[in-house]
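Since the structure comes first, as structure tokens, the remarks are kept for the end.
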Amino acid sequence: MITKEDIGRFEVCPTPFYFYDLALLDRTVRRAKQAAEKHGYILHFAMKANAIDPVLNVMKRNGLGVDCVSGAEVSKALDIGFAAESVAFAGVGKSDEEIVQAIASDIFTINAESLEELEVIEELAAGLGKKTRIAVRLNPDVDANTHKYITTGLEENKFGISGWQIDDVIAFIRKSSHLQLTGLHFHIGSQIRDLEPFKNLCGRINLALQRFADAGLPIEHVNAGGGLGIDYDHPDDEKDPDFEKFFDVFNELLDLKPSQTLHFELGRSLVAHCADLIARTLYIKKGLKTNFMILDAGMTELIRPALYQAIHSIENLSKRGEEEVERYDVVGPVCESSDCFGKAMQLPLSERGDLIAIRSAGAYGESMASHYNLRSLRPSVYRD
Ligand SMILES: *Cc1c(COP(=O)(O)O)cnc(C)c1O
């Protein structure tokens with residue numbers, strides 16, 4: 001909830017900037033942690049969703065591990081003070097340098113995404129004279145029913161090892177002398193609000209566990225990834241998302257041995273609601289069919305609408321409670337037609353200088369910001 005006091009603070013801040021409600025973040029993380037601990041599940045934060053220090057510190061304080069997808073993220077996690085044994089490292093294209101760094105840092109697991117990568121890890125670990133903990137990321141061929149750019153668990157996607165390759169992977173791991181297989185990893189996509197795909201995932205995980213057990217390869221942990229979606233239409237709903245319902249699916253459907261642990265790496269669901277992008281209206285430009293509300297924030301600050309056709313709830317903070325409304329295409333200043341936050345959005349009658357909040361922008365907002373057009377964000381504003 002953006003309060004009157006917050007808006008007062010915004011009046012003197014140069015826009016565009018991100019506004020973080022760190023107390024809300026803390027409450028959300030606690031809610032997730034509590035729901036996970038009910039079943040003994042272990043939580044990691046997928047730091048690509050948001051890697052700023054204040055956010056990472058809330059995660060660390062609450063005892064979460066991290067999920068990284070680049071060597072720079074691994075370094076950042078270790079610098080912030082996450083324990084190496086809580087850091088998982090996934091990604092289809094890890095460079096030799098990144099793999100060496102991960103092996104040397106003794107992280108929780110390197111999640112290998114292909115047979116070819118396993119061969120490289122084996123060779124690099126041998127060079128370091130080390131046996132390294134790995135998990136294999138399997139592609140479960142489950143449709144997440146989300147936008148195709150954030151679907152990752154289908155055979156046609158580049159991620160993970162496909163079912164037809166598992167026998168070769170098992171054979172390779174068996175004869176390797178520098179790989180210690182500890183886990184199976186899955187991640188089917190993002191912004192998944194219907195729990196059905198996760199139910200399908202559980203079925204695939206059970207089959208995979210059986211296959212590795214039959215091959216005599218013991219599995220210590222399953223990492224079921226992230227992907228839980230949030231309700232972008234209700235930015236102030238503190239019960240969203242329902243972590244309990246999400247974890248209940250796995251509790252009900254997964255066949256885990258008592259010795260096997262279950263890990264999750266949530267990104268969006270933990271951080272999305274805790275930040276808003278605050279902008280100013282530069283111009284209300286008249287059009288024949290629609291009027292344009294031109295903001296000083298665009299796809300360089302928040303690319304999700306341009307990249308995934310995502311819709312964020314938008315609020316005119318300067319015209320709260322005003323009755324008269326109008327339809328606007330809310331757009332940014334960047335020289336791309338996809339630089340648009342929403343078409344024909346109904347908002348209070350607006351004018352130049354109004355403060356506009358683009359809500360629920362804490363996930364894949366600041367972390368995806370770019371310098372296109374040589375633009376840059378202004379300093380963030382925090383509420384503790
Ligand atoms: C992006 C990513 C996540 C987090 O996804 P969310 O939808 O933000 O929860 C988890 N695991 C892996 C491997 C990822 O790439």
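Read the numbers this way: they start at 1 and go in the same order the structure lists the ligands and their atoms. Hydrogens, waters and symmetry mates are skipped; everything else that's a heavy atom, side chains included, is used.
Taking the charged nitrogens against the carboxylate oxygens, Glu117 and Lys94 do have a contact shorter than 4.0 Å, which makes a salt bridge. Salt bridge present: Glu351 and Lys319 bring a charged side-chain N and a carboxylate O closer than 4.0 Å. Ionic pairing of Arg31 and Glu244 is not present here: no N-O contact between side-chain nitrogen and carboxylate oxygen is shorter than 4.0 angstrom. With respect to the salt-bridge test (charged N to carboxylate O, under 4.0 angstrom), the residues Asp296 and Arg280 do not qualify.
By the rule that hydrophobic residues join a cluster once side-chain heavy atoms approach within less than 4.5 Å of another member, Phe264 and Leu253 end up as members of one cluster.
The nearest heavy-atom contact from the protein to atom 4 (C) of ligand 1 is Ala46 CB, 3.4 Å. Nearest to atom 5 (O) of ligand 1 among the protein's heavy atoms is His187 CE1, 3.3 Å. Scanning the protein for heavy atoms near atom 11 (N) of ligand 1, the closest one is Glu265 OE2, 2.7 Å.
A donor-acceptor pair is defined here as one N or O able to donate and one able to accept, closer than 3.5 Å; such a pair exists between the side chain of Arg9 and the backbone of Tyr382. Checking side-chain atoms of Glu252 against main-chain N and O of Val249 turns up no donor-acceptor pair under 3.5 Å.
Heavy-atom contacts of Arg268 reach the following atoms of ligand 1: 6 (P), 8 (O), 9 (O) (cutoff under 4.0 Å). Atoms of ligand 1 lying under 4.0 Å from at least one heavy atom of Gly226, given by number and element, are 9 (O), 10 (C). The ligand atoms of ligand 1 that sit less than 4.0 angstrom from a heavy atom of His185 are 13 (C). Close approach of ligand 1 to Ser190 (heavy-atom distance below 4.0 Å) involves ligand atoms 6 (P), 7 (O), 8 (O). Here is the list of ligand 1 atoms found below 4.0 Å of a heavy atom in Arg137: 13 (C).
For Lys48, a nitrogen or oxygen atom sits less than 3.5 Å from a nitrogen or oxygen atom of ligand 1, counting backbone and side chain alike. Residue-to-ligand polar distances place Gly267 within reach of ligand 1: an N/O pair is separated by less than 3.5 Å.
Using a 4.0 angstrom heavy-atom cutoff, Gly227 counts as in contact with ligand 1. Assignment of Tyr364 to the shell around ligand 1 is supported, since a heavy atom sits closer than 4.0 Å.
The aromatic rings of Phe10 and Phe19 lie perpendicular to each other, with more than 60° between the two planes, well past the 30° mark.
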